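What follows is a single structure, written as structure tokens, with notes after it.
Values in this document were obtained by computation on a predicted structure and should not be read as measured data.
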Amino acid sequence: MRRRLWCALVVPLAAAGCELTEVTVAEVQDSVIAEVILVAGPGPQRAMLHRTRGTGADNRVPGASVEVRDARGRTLQFQPAPVSDCIDVPPDSAATVGSCYASPVEAPLDIAAGGTYELRVVLQNGGVLTGTTMLPGTFALTSPAVTPCAIPADTTIELRWTQAADAWAYIAESSITGIRAALADRGVEVRKDPLRLFGLAVSRADTSIVFPGEFGLFDRADTDVAAALLALRRGLPPGVTARIVIAATERNYVNWARGGQFNPSGIVRVPSVRGAGSGVFGGIVAHEITLSTRPGSGLPACLR
């Protein structure tokens, strides 16, 4: 129960005054949130389990059983893993973040583009969470034609790819190494190296993005990177390496990964995990591109 003060501010207080009104506020439930994003290809998959924010200092979810099953009935079992395997956090903050689970490096089941998968999480108290996802289909990079490759300094490049079946959006993320020293020569201070910038192609038919000019769209109000973004409008400076990931995403991912400035289909997250909690069970199909402006790299040219 919470007391709230209501005042009629549009009329004189002498006439309207203020009154105390009893307002009933629902108790916050201690729910489990499961965030499981499959990545097409071999290698470990990861699941992050945590509790509803604000219900306590310890958000860990120990003792859970996490399993992913494909359409043929084959299963992928997850085991407890360090939180740093799931997200970038200081080691001493694990209790306030949650619990990470990961599948083995050598697993009997590889996640496939276009595949349908079911999630089942059994909590220590017997509660069960479930979800279903279908990954986007395969797609191919068409520009640059080869990676890694060399690009002239102060030159932009249009990254292009084919359309992935059933993709809802494409996201692009870059990590630029050596940027602090490279821009310091031009009088621009960069606090973070590598510098990570985010790009977005909103629809399934939008299959190109200009790098680096169309990256960092959501970071322009950040004073720490604003000057760097301005300096990168016409291309990368000499002496840097950029790793770029282009990922096709499915419906569940898009409906959950919103809020802040990324709202491709609204501002309210839509869960795709049901049962004794909530969360997201989604998937992505990704390709990586490496570009370099380092002199003498010996790499083939990105632009032909």
Side-chain angles (χ1 to χ4, degrees), residues 29 31-52 61 63-81 85-87 98-104 107-139 163-171 202-205 245-259 262-287:
Q29 299 295 318
S31 299
V32 171
I33 307 297
E35 299 190 71
V36 187
I37 304 297
L38 301 178
V39 180
Q45 305 292 326
R46 295 173 177 83
M48 188 69 190
L49 306 185
H50 55 95
R51 298 191 177 276
T52 309
V61 186
S65 169
V66 181
E67 176 185 281
V68 168
R69 182 183 300 267
D70 71 0
R72 296 169 55 187
R74 297 177 299 175
T75 60
L76 191 60
Q77 301 287 344
F78 292 61
Q79 300 297 327
D85 284 4
C86 285
I87 55 177
S99 298
C100 177
Y101 293 81
S103 64
L109 172 62
D110 290 343
I111 302 302
T116 299
Y117 299 91
E118 295 181 356
L119 169 72
R120 181 178 174 85
V121 179
V122 181
L123 304 176
Q124 200 170 42
N125 64 3
V128 178
L129 295 84
T130 61
T132 302
T133 184
M134 184 177 75
L135 269 68
T138 58
F139 70 100
Q163 188 170 328
D166 300 311
W168 274 47
Y170 301 91
I171 58 174
V202 176
S203 75
R204 71 184 66 186
V245 174
I246 307 293
T249 65
E250 46 75 77
R251 176 184 60 185
N252 294 349
Y253 182 101
V254 172
N255 280 338
W256 184 262
R258 50 167 135 177
F262 176 44
N263 301 301
S265 55
I267 61 173
V268 178
R269 291 186 174 190
V270 179
S272 49
V273 171
R274 303 167 297 279
S278 186
V280 57
F281 180 45
I284 65 173
V285 179
H287 287 283

Mind listing the closest non-hydrogen atom pair of [X] and [Y] along with its distance?
X      : Y      : answer
Asp110 : Pro42  : OD1-CA, 3.6 Å
Ala40  : Ala113 : CB-N, 3.9 Å
Tyr170 : Ala164 : OH-N, 2.8 Å
Pro136 : Ala248 : CG-O, 3.6 Å
Tyr101 : Phe78  : O-CD2, 3.7 Å
Pro104 : Gln77  : CD-O, 3.3 Å

**Prompt:** CD1/Ile111 to CD1/Ile284 distance, rounded to the nearest 0.5 angstrom?
**Reply:**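 One gets 12.0 Å once the value is rounded to the nearest 0.5 Å.
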
**Request:** Quick one: pull up OG in Ser272 and CD in Glu35 and give me the separation to the nearest 0.5 Å.
**Result:** 10.0 Å

Less than 4.5 Å apart, side chain to side chain, heavy atoms only: is that true for [X] and [Y]?
X      : Y      : value
Val66  : Leu119 : yes
Tyr253 : Thr133 : no
Leu129 : Leu123 : yes
Thr75  : Leu109 : no
Thr130 : Phe281 : no
Glu250 : Asp166 : no

With distance as the sole test, does [X] use its side chain to make a donor-acceptor pair with the main-chain N or O of [Y] at under 3.5 Å?
X      : Y      : result
Arg46  : Asp85  : yes
Asn252 : Ile37  : no
Tyr117 : Ala112 : yes
Thr52  : Ser31  : yes

**Request:** Look at Arg69 together with Glu67 and state whether they make a salt bridge at an N to O cut-off of under 4.0 Å.
**Result:** yes

**Request:** Please name the residue in the list Val273, Val32, Ile33 that meets the side-chain contact (heavy atoms from CB on, under 4.5 Å) test with Ser278.
**Result:**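 Looking at Val273, Val32, Ile33, the match for Ser278 under the side-chain contact (heavy atoms from CB on, under 4.5 Å) is Ile33.
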
**Message:** Against Ile171, only a single residue in Thr249, Val245, Val254 fulfils side-chain contact (heavy atoms from CB on, under 4.5 Å); can you say which?
**Reply:** Thr249

**Request:** Applying side chain to side chain contact (heavy atoms under 4.5 Å, CB included), run through Thr116 and Thr132 and close with a yes or a no.
**Result:** CA-CA 7 Å; Thr116 299; Thr132 302; 4.0 Å; yes

**Asked** Would Val68 and Gln45 satisfy side chain to side chain contact (heavy atoms under 4.5 Å, CB included), going step by step from the backbone distance to the final call?
**Response** CA-CA 10 Å; Val68 168; Gln45 305 292 326; over 6 Å; no

**Request:** For side chain to side chain contact (heavy atoms under 4.5 Å, CB included), just list the numbers for Ile246 and Phe139, CA-CA rounded to whole Å, side-chain angles, deciding distance to a tenth of an Å, and then say yes or no.
**Result:** CA-CA 10 Å; Ile246 307 293; Phe139 70 100; 4.3 Å; yes

